[in-house]
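Below is one structure, written out as structure tokens; the observations come after it.
Note: hydrogens, waters and symmetry copies are ignored here, and every other heavy atom, side chains too, is used.
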Amino acid sequence: MSGHVMKARTDHQHAARQARQLPGTWVLAGTYGSRASATSASLQVRTGHRLPSYLPAGSFRARVDVTQDGADLWVCYVADDFRESVQAGLTEDLDAFSSRMDAAALTTRRT
């Protein structure tokens, strides 16, 4: 249907709570009708601006994946210990680790 505007389906309080329980794990916060709306929300997640569930600022990462149904907003709680170890160079960040695991999964055969 042309001209139909989809309202965002989000539950930020639930997503933030779930992400805090699973540090370093990406959690679906919701689906937005456009990439622009989801991208705007991702900035608010990272800064905690207008979305206090994600405070303090910098405690969460956010990414947007465009799908057939809209734009999914994923959030990830970066626990203090994890963030400090990344900054100290003791481990790779979650995105690098995830990319490495995805690449390995593509080249690994299960028999």
Spacing of Leu55 atom CG and His49 atom NE2 [to the nearest 0.5 Å]: 11.0 Å
From Leu28 atom CG to Gln18 atom CD, the distance as rounded to the nearest 0.5 Å: 9.0 Å
Arg35 backbone acceptor or donor facing Thr39 side chain under 3.5 Å: yes
If you compare all heavy atoms of [X] against all heavy atoms of [Y], which two are closest, and at what distance to 0.1 Å?
| X | Y | answer |
| --- | --- | --- |
| Ala15 | Val27 | O-CG1, 4.0 Å |
| Arg20 | Ser53 | NH2-O, 3.3 Å |
| Ala38 | Leu73 | O-CD1, 4.0 Å |

Verdict with supporting geometry, Asp72 and Val64, side-chain contact (heavy atoms from CB on, under 4.5 Å): CA-CA 6 Å; Asp72 291 340; Val64 174; over 6 Å; no
Contacts of Ser42 that satisfy side-chain hydrogen bond (donor to acceptor under 3.5 Å, both in side chains) - sequence neighbours left out: Arg46
With Asp65 via side-chain hydrogen bond (donor to acceptor under 3.5 Å, both in side chains) - residues at least two apart: Arg63, Trp74
With Ser40 via side-chain contact (heavy atoms from CB on, under 4.5 Å) - residues at least two apart: Gln44
Aromatic plane relationship, Phe60 with Tyr54 - under 30° parallel, 30 to 60° tilted, over 60° perpendicular: perpendicular
Donor on one side chain, acceptor on other, Asp69 and Thr31, under 3.5 Å: no
Val75 side chain reached by Trp26 side chain, heavy atoms, under 4.5 Å: no
